[in-house]
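Below is one structure, written out as structure tokens; the observations come after it.
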Amino acid sequence: MSSDQPIAFTPQRIAGLELKNRVIKAATFEGMSPGGKPSERLLRFHRSMAEGGVAMTTVAYCTTEADGRISADMMYLHEGIAPELERLTAAVHDAGAWVSGQMAHCGNFSRNRKLQRLQRPLGPSRQISMIGIPSGMPIAGAMSIADIDHLVDTYREAARFMKRVGFDAIELHFGHGYALSQFISPKTNRRSDEYGGSLDNRMRLSRRCLEAVREAVGEDFPILGKMSMTDGVKGGVTWDEGVEVARILDRAGIDALITSAGTSSFNPMLMFHGPSIVHGMIATEKNPITRLGLKLVGSKLFRDYPYRELYLLDRARRVREAVQCKVVYIGGCSTLESMERVLAEGFDFIQMGRPLIKDPAFVRNAMADASYVNGCTHCNLCVGLIDDPDGIRCTLEDDHTTAITAATQ
Ligand SMILES: Cc1cc2nc3c(=O)[nH]c(=O)nc-3n(C[C@H](O)[C@H](O)[C@H](O)COP(=O)(O)O)c2cc1C
């Protein structure tokens, strides 16, 4: 290997795992597990990422129990899907990459009517659930201590299962408005017991889940955590508090932190930047009540944040400075030049979402030609396809783009 080799193509470790380069495919909900069963399409999606040269790909939103799903077309980690997941992890390994699974739970953010254990979705505190309204579940309940203990158990069991079916790493979702983030955020957590109030109390559930997962997988097994550096909503986690969240997770033994921002419930565009996804959502939404709701409040919820390369770098730098663990930069890193800039600043890895949806072979192509441009325009139309029967894809060369564009004019 020559000394002028870009840092992006050099190896680096997370806990006991050596990654061959610094690029990890970010979790981007694929929409490829109809009825909760991982499909061949999902396997092909991740194999193509591995063949394209990333060091590790991430299977998005693997929920820890059936009622942790936002919709019934999401997978939950259980024995019934072990053969499909074993095939998927083996396919990624055969293609030369590692595979991580994003372990998540929706908490109160659900529109899944096919609940198995619960009567209705539960979060830290009783509250109105906007996403539940069209499904006839307008109010989410508050978890009891027994519910919290159960949730922690689901994380422990799910982690054992993931390791057994061949995952090489686990990414715990602490951000984006899902269960753990709902407890961390003062916007959604109004509890007065030991799980609410001070940041230390609001982090208690996250710490317990991390501890349970660590106990299940052992010291060497990499556990990454995706966090929101801010919720981006009044009354939620601020940028300053986000740095404290990072410090607490670092002290609690996380191996790497992924520095995202925003929440799906209150301010999703902060994590993406670029054109609002509301137009694509209105165009593809089948439920008339949801469509009406999107037309009425969509532009408030899905705010405009003009895209610029490395749009979260200034904020992520504060986390980099505050913690000892590995830090994974995410958000608008779409060229080799940007990757080198981020890595030269001391970040250990890059996660990429949209650029790899556009071009799964981006890493291989950039290794061959440093000036290679992957062509992602950050139009965000892929995001509107998470409920599409064919799942997410780049629509730039697809008739669908024309259809959505026409429908939004
Ligand atoms: C289609 C799509 C689906 C996504 N689904 C998830 C998800 O399931 N979990 C998650 O943490 N982030 C999700 N994200 C956010 C990405 O992981 C990432 O934070 C964001 O796209 C910014 O990175 P990028 O500029 O490299 O695309 C999704 C993004 C896209 C484009």
Side-chain angles (χ1 to χ4, degrees), residues 23-33 42 45-46 49 54 56-63 68-71 73-75 100-106 109 170-181 224-229 232 257-265 267-277 280-281 284 302 305-313 315-316 328-335 338-339 342 349-360 362-363 374 376-388 390-396 400:
V23 188
I24 302 173
K25 162 70 181 54
T28 57
F29 181 64
E30 304 89 354
M32 297 175 192
S33 299
L42 184 71
F45 180 88
H46 287 286
M49 296 298 160
V54 299
M56 183 155 81
T57 184
T58 309
V59 179
Y61 218 87
C62 310
T63 59
R69 297 180 292 176
I70 297 167
S71 85
D73 287 325
M74 284 183 145
M75 78 163 90
S100 173
Q102 183 177 62
M103 193 183 277
H105 193 290
C106 65
F109 188 74
I170 287 172
E171 177 179 308
L172 290 176
H173 209 330
F174 296 106
H176 295 182
Y178 302 115
L180 301 183
S181 156
L224 298 86
K226 188 163 182 175
M227 60 172 292
S228 288
M229 295 184 286
L257 279 172
I258 304 152
T259 50
S260 187
T263 65
S264 297
S265 33
N267 191 356
M269 290 313 298
L270 194 54
M271 75 183 89
F272 301 114
H273 283 52
S276 170
I277 56 178
M281 289 172 76
T284 53
F302 299 94
Y305 289 96
Y307 180 84
R308 65 188 156 83
E309 203 57 17
L310 304 179
Y311 52 83
L312 292 177
L313 183 58
R315 304 297 188 166
V328 183
Y329 178 78
I330 192 165
C333 183
S334 68
T335 65
S338 298
M339 285 194 236
V342 168
F349 294 94
I350 314 284
Q351 276 201 355
M352 291 177 119
R354 291 163 293 181
L356 291 171
I357 297 173
K358 167 70 177 73
D359 180 7
F362 173 59
V363 174
N374 66 57
C376 174
T377 61
H378 313 100
C379 65
N380 290 329
L381 291 181
C382 54
V383 184
L385 293 175
I386 57 176
D387 288 327
D388 189 276
D390 289 333
I392 58 160
R393 60 197 176 275
C394 178
T395 60
L396 282 178
H400 194 84

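As the structure lists them, so they are numbered: ligands from 1, and atoms in each ligand from 1. From a predicted model like this one, the values you see are computed outputs, not experimental measurements.
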Students should be able to answer this: which protein heavy-atom is nearest to atom 2 (C) of ligand 1, and at what distance?
Thr28 CB, 3.7 Å
What is the closest protein heavy atom to atom 12 (N) of ligand 1, and at what distance does it sit?
Lys226 NZ, 3.1 Å
Residue, atom name and distance, where the atom is the protein heavy atom closest to atom 8 (O) of ligand 1
Phe29 N, 3.2 Å
Within the structure, does Glu171 bring an N/O atom to less than 3.5 angstrom of an N/O atom in ligand 1?
no
Counting from 1 in the order shown, the ligand 1 atoms closer than 4.0 Å to a non-hydrogen atom of Ala26 are 17 (O)
Suppose we measure from atom 26 (O) of ligand 1 to each protein heavy atom; which comes out shortest, and what is that distance?
Gly353 N, 2.8 Å
Among all protein heavy atoms in this structure, tell me which lies nearest to atom 13 (C) of ligand 1, with the distance rounded to 0.1 Å.
Ala27 O, 3.1 Å
Tell me whether Gly332 has any N or O atom under 3.5 angstrom from an N or O of ligand 1.
yes
Side chain to side chain contact (heavy atoms under 4.5 Å, CB included) partner of Gln351, the single match among Val328, Leu356, Val54, Thr259
Val328
What atoms in ligand 1 come closer than 4.0 Å to a heavy atom of Met271?
20 (C), 22 (C)
Any side-chain donor-acceptor pair under 3.5 Å between Tyr178 and His173?
no
Is the backbone of Asp73 close enough, under 3.5 Å, to the side chain of Ser71 for a donor and an acceptor to pair up by distance?
yes
How far does CE of Met103 sit from CZ of Phe174, to the nearest 0.5 angstrom?
10.5 Å
Output the list of atoms in ligand 1 that are nearer than 4.0 Å to some heavy atom of Ile330, sorted by atom number.
17 (O), 18 (C), 19 (O), 23 (O)
